[in-house]
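Structure, as structure tokens:
What you see is a predicted model, and the numbers here were worked out from it, not measured in a lab. One-based numbering along the sequence shown. Heavy-atom basis, side chains included; hydrogens, waters and symmetry copies ignored.
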Amino acid sequence: GIRYALIVSGEIRINTYFVRVSMGTTAMTRIRLTSTLLMTIALAACGGGGGGGSGVNATVSSDPAEGLWQGTIQGGANITGLVLNDGTYYVLYSPANNRNVIAGLVQGSGTGRNGSFSSSNARDFVIGDDVYPATVSASYSSKQSFNGSVTYTNGRVASFTSTYDSTYEQPASLTAAAGNYSGESASSVGVQASTVAIQSNGSFQGSSNGCNVSGALTPRGSSSVFNMAVTFGGGACIFGTSTLNGIAIYDAANKRLYAAAPNSSRTDGFLFVGTKP
């Protein structure tokens, strides 16, 4: 069983037993943050959850459920969800009553139409546990509310409510995001101290426990989101020399960068949270 489970853009069911789906990866460790704000990193998985992490500005039609959503859940947990214009979403969520700890990540793709949003390929990446499949059914009012439920393969259902956060409409700025960050990265091997240096043109280099990475951030249209491509340098890197595609968000008020990218099979992923002076 597990202690935390997903809710897309809205909720976590606490202390509920779920069927384990073994992915054969080492358990991830919770990431402890200094910020009291949970930011969502919504990713377009490479071959896993739709487009959007390609490193170029998106040109697809806008999904009517698009936006940044701040939510509440049963049991007192909090999540923030981001739905991209192509229906791809990715969510960071906390345990009950503790917004300073990230308990897991949720990623998938769905479709919004006539006030209804549905997704059949949600994946709940529970830090310290495993990956769990689910489906999502929700109702939305564009730029106002996003409410619904997540159903797991064992029949468990969790409901959520969330409201729109207009900071999504502030265009991402490479100039603002440029700088040297210190923080933590996470994958199936756990949490490690990391550093990342971002240039004003969006290129970046990073290092974590002997693993070097490089890549690029590209503003995603007029939203607050960056598309991200990150390439691992081999050696000590768990992802070898692979390139993962995802997105990042820069929290200007706290000078904090949130970045994440799943692998192509969505059995593991890379997460970075760091702050610059």
Check: Regarding Ser208 and Gln192, is there a side-chain donor-to-acceptor distance under 3.5 Å anywhere?
Finding: yes
Notebook entry, point to check: Which heavy atom in Asn180 sits nearest to a heavy atom in Ala197, and how many Å separate them?
Noted result: OD1-CB, 3.2 Å
Check: Going from CG on Asp165 to CD on Gln170, what distance comes out if it is rounded to the nearest 0.5 angstrom?
Finding: 8.5 Å
Margin query: Taking disulfide bond (SG atoms under 2.5 Å apart) as the cut-off, I'd like each qualifying pair that reaches into residues 166-274, sequence neighbours left out, listed once.
Written below: Cys211-Cys237
Notebook entry, point to check: Would you find a donor on one side and an acceptor on the other, under 3.5 Å apart, between the side chain of Asn245 and the backbone of Ala229?
Noted result: no
Item checked: Pairing residues for Lys143 by the salt bridge (Lys or Arg N to Asp or Glu O under 4.0 Å) criterion, not counting sequence neighbours -> Glu169
Item checked: Chi angles and distances behind the ring pair (Phe, Tyr, Trp, His ring centres under 6.0 Å) call for Tyr152, Tyr132 -> CA-CA 8 Å; Tyr152 290 84; Tyr132 298 84; 7.2 Å; no
Check: When you check the side-chain N and O atoms of Asn121 and Ser109, is any donor under 3.5 Å from an acceptor?
Finding: yes
Next item on the list: Find out whether Lys255 and Tyr250 are in side-chain contact, i.e. whether some heavy atom of one side chain is under 4.5 Å from a heavy atom of the other.
Entry: yes
Next item on the list: First locate atom CG of Asp268, then atom OG of Ser187, and finally report the distance between them rounded to the nearest 0.5 Å.
Entry: 5.5 Å
Checklist line | Heavy-atom closest contact (Phe160 atom, Ala138 atom, distance) | finding: CZ-CB, 3.9 Å
Notebook entry, point to check: Is any side-chain heavy atom of Thr275 less than 4.5 Å from a side-chain heavy atom of Arg256?
Noted result: yes
Next item on the list: Let me see the working for Phe226 and Ile249 under side-chain contact (heavy atoms from CB on, under 4.5 Å), right down to the final yes or no.
Entry: CA-CA 6 Å; Phe226 295 102; Ile249 293 179; over 6 Å; no
Check: Donor-acceptor pair, Arg266 side chain versus Gln107 backbone, under 3.5 Å?
Finding: yes
Note to self: Does any part of the side chain of Ser207, heavy atoms only, come nearer than 4.5 Å to the side chain of Asn212, both counted from C-beta?
What the structure shows: yes
Checklist line | Lys276 vs Leu257, side-chain contact (heavy atoms from CB on, under 4.5 Å): CA-CA, chis, key distance, verdict | finding: CA-CA 8 Å; Lys276 65 180 180 178; Leu257 182 77; over 6 Å; no
Notebook entry, point to check: According to the interplanar angle, ranging from 0 to 90°, do the rings of Trp69 and Tyr164 count as parallel (below 30°), tilted (30 to 60°) or perpendicular (above 60°)?
Noted result: perpendicular
Check: With side chains defined as the heavy atoms from C-beta onward, is the minimum distance between Leu84 and Arg220 less than 4.5 Å?
Finding: yes
Next item on the list: Please assess Val225 against Leu82 for the test side-chain contact (heavy atoms from CB on, under 4.5 Å), listing each intermediate value before the final yes or no.
Entry: CA-CA 10 Å; Val225 182; Leu82 181 64; 3.6 Å; yes
Check: Do you know the tightest heavy-atom contact between Gly202 and Leu174?
Finding: CA-CD2, 3.6 Å
Next item on the list: I would like to know whether Tyr258 and Phe272 meet ring pair (Phe, Tyr, Trp, His ring centres under 6.0 Å); could you show each step before the answer?
Entry: CA-CA 6 Å; Tyr258 300 81; Phe272 173 78; 9.3 Å; no
Next item on the list: Give the minimum heavy-atom separation between Tyr168 and Val83, together with the two atoms involved.
Entry: OH-O, 4.1 Å
Check: Of the non-hydrogen atoms in Ser142 and Pro64, which two are nearest, and what is the gap between them?
Finding: OG-O, 3.4 Å
Notebook entry, point to check: Are Ser139 and Ser116 close enough that a side-chain donor and a side-chain acceptor fall under 3.5 Å?
Noted result: no
Checklist line | Smallest separation among heavy atoms of Ala65 and Phe146, with atom names | finding: CB-CE1, 3.7 Å
Note to self: Under a 3.5 Å distance rule, please check whether Asp63 uses its side chain to pair with a backbone N or O of Gly112 as donor and acceptor.
What the structure shows: yes
Margin query: Just verifying a value: how many Å separate Tyr140 OH and Asn147 CG, rounded to the nearest 0.5 Å?
Written below: 13.0 Å
Next item on the list: Mind checking the OG1-CG spacing from Thr243 to Asn263? Nearest 0.5 Å is all I need.
Entry: 13.0 Å
Next item on the list: Measure the CZ-CE distance between Phe204 and Met228 for me, rounded to the nearest 0.5 Å.
Entry: 5.5 Å
Margin query: Between Thr231 and Thr241, does the side-chain contact (heavy atoms from CB on, under 4.5 Å) criterion hold? Intermediate values first, please.
Written below: CA-CA 6 Å; Thr231 299; Thr241 57; 5.8 Å; no
Check: How long is the gap from OH on Tyr89 to CD on Glu66, to the nearest 0.5 Å?
Finding: 16.0 Å
Checklist line | Backbone N/O of Ser203 and side chain of Asn201: donor-acceptor pair under 3.5 Å | finding: yes
